[in-house]
Amino acid sequence: MGGMVRALKYGRRFGLAPLLAEPLAEAVLAQGWGLSGVTAIPTLLPRLVVRGYNPPELLGRILAARLGLPYLRVLRRVRYTPSQPTRGRARRRLPEDLFVPVLRVEGSWLLVDDVLTSGATFLRAKEALLKAGASRVYGAFLAVRDPGALGPYR
């Protein structure tokens, strides 16, 4: 599974997104969360220009369609941070104002990311989504780098 996630994230293998989104959709449906919508961890414009796409957004759009929910870009990333795998021990120390809401939302929302590394990015995005008006925020990830990182987010 890790090779497919890397191929989607770095290898521009867009065709893998529907295959990878399907088990996420099944897992989300099994939870019965009563979601109002789906959004994804946003990336900065320079990363978007280099990659040509945002893998979490690609997954989020497919996942939303499969779940019959709207996909909205609710958050904007406003601060640069090095990618999580290169941050070492600094992973958990992300700035609090990393993301800002650009839309108001209501209800429970699903926040999609491709890889949960330390949980810090998810936590910052979750906080911003709650500020946008979400009553609850659930996460969906293709891969988890450190299973212990899930502890506070279960």
Side-chain angles (χ1 to χ4, degrees), residues 1-85 94 97-146 149-150 153-154:
M1 180 77 155
M4 291 187 351
V5 173
R6 279 189 296 280
L8 173 67
K9 188 167 185 162
Y10 302 112
R12 302 181 55 84
R13 300 285 308 272
F14 307 117
L16 292 172
L19 297 171
L20 293 168
E22 187 58 33
L24 280 180
E26 290 176 18
V28 169
L29 285 169
Q31 296 302 314
W33 286 328
L35 298 166
S36 299
V38 178
T39 194
I41 301 285
T43 191
L44 283 168
L45 183 59
R47 288 188 187 140
L48 188 59
V49 168
V50 169
R51 281 193 185 137
Y53 67 107
N54 179 13
E57 182 173 346
L58 180 61
L59 288 167
R61 287 184 180 280
I62 295 168
L63 190 53
R66 172 66 173 80
L67 298 172
L69 294 169
Y71 178 89
L72 295 174
R73 286 184 181 168
V74 179
L75 305 176
R76 183 168 49 101
R77 191 175 195 132
V78 294
R79 296 196 49 178
Y80 170 80
T81 57
S83 66
Q84 287 288 329
L94 292 178
D97 59 346
L98 187 60
F99 303 103
V100 296
V102 295
L103 296 173
R104 291 287 304 159
V105 297
E106 293 180 351
S108 297
W109 278 74
L110 184 66
L111 180 58
V112 179
D113 201 357
D114 50 0
V115 179
L116 181 83
T117 303
S118 70
T121 302
F122 174 75
L123 180 60
R124 293 298 183 229
K126 176 183 175 182
E127 290 167 352
L129 198 49
L130 290 169
K131 286 180 184 172
S135 57
R136 295 195 75 158
V137 177
Y138 298 98
F141 320 100
L142 290 177
V144 177
R145 184 174 178 140
D146 174 10
L150 284 175
Y153 309 111
R154 287 185 182 221

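Quick note: numbers below take in every heavy atom, side chains included, and nothing from hydrogens, waters or symmetry partners. Positions are given from 1, in the same order as the sequence printed here.
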Would you indicate whether the side-chain heavy atoms of R66 and L29 approach each other to under 4.5 Å? yes
Are L142 and L8 packed together at the side-chain level, in the sense that at least one heavy-atom pair is separated by less than 4.5 angstrom? yes
Atom pair [atom1] ([X]) and [atom2] ([Y]), whose distance is rounded to the nearest 0.5 Å:
{"X": "K126", "Y": "T121", "atom1": "NZ", "atom2": "OG1", "value": "14.5 Å"}
{"X": "N54", "Y": "K9", "atom1": "CG", "atom2": "NZ", "value": "9.0 Å"}
{"X": "I41", "Y": "L75", "atom1": "CD1", "atom2": "CG", "value": "7.5 Å"}
{"X": "R124", "Y": "L129", "atom1": "CZ", "atom2": "CG", "value": "14.5 Å"}
{"X": "Y10", "Y": "D114", "atom1": "OH", "atom2": "CG", "value": "7.5 Å"}
{"X": "M4", "Y": "L20", "atom1": "CE", "atom2": "CG", "value": "4.0 Å"}

Contact summary for [X] and [Y], nearest pair of heavy atoms:
{"X": "F14", "Y": "P18", "result": "O-CD, 3.7 Å"}
{"X": "L130", "Y": "A134", "result": "CD2-O, 3.3 Å"}
{"X": "L69", "Y": "L35", "result": "CD2-O, 3.4 Å"}
{"X": "L63", "Y": "A21", "result": "CD1-O, 3.8 Å"}
{"X": "G60", "Y": "V38", "result": "O-CG1, 3.7 Å"}
{"X": "A17", "Y": "L59", "result": "O-CD2, 3.8 Å"}

Only distances under 3.5 Å count here; give the side-chain donor-acceptor pairs of residues 97-111 to other protein atoms, sequence neighbours excluded, each with its distance to 0.1 Å.
{"residue": "D97", "atom": "OD1", "partner": "R79", "partner atom": "NH1", "Å": "2.8"}
{"residue": "R104", "atom": "NH1", "partner": "K131", "partner atom": "O", "Å": "3.0"}
{"residue": "R104", "atom": "NH1", "partner": "A132", "partner atom": "O", "Å": "3.2"}
{"residue": "W109", "atom": "NE1", "partner": "E106", "partner atom": "O", "Å": "3.0"}

How about CZ on R13, more than 12 heavy atoms from neighbouring residues, nucleotides or ligands closer than 6.0 Å, or not?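 No.
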Step through the shown structure and confirm whether more than 12 heavy atoms of other residues, nucleotides or ligands are within 6.0 Å of CZ on R73.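 At most 12 heavy atoms, drawn from other residues, nucleotides or ligands, come within 6.0 Å of this atom.
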Return the set of residues passing ring-ring contact (aromatic ring centres under 6.0 Å, His included) with Y138 (not counting sequence neighbours), or none when no residue passes.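 Residues passing ring-ring contact (aromatic ring centres under 6.0 Å, His included) with Y138: W33.
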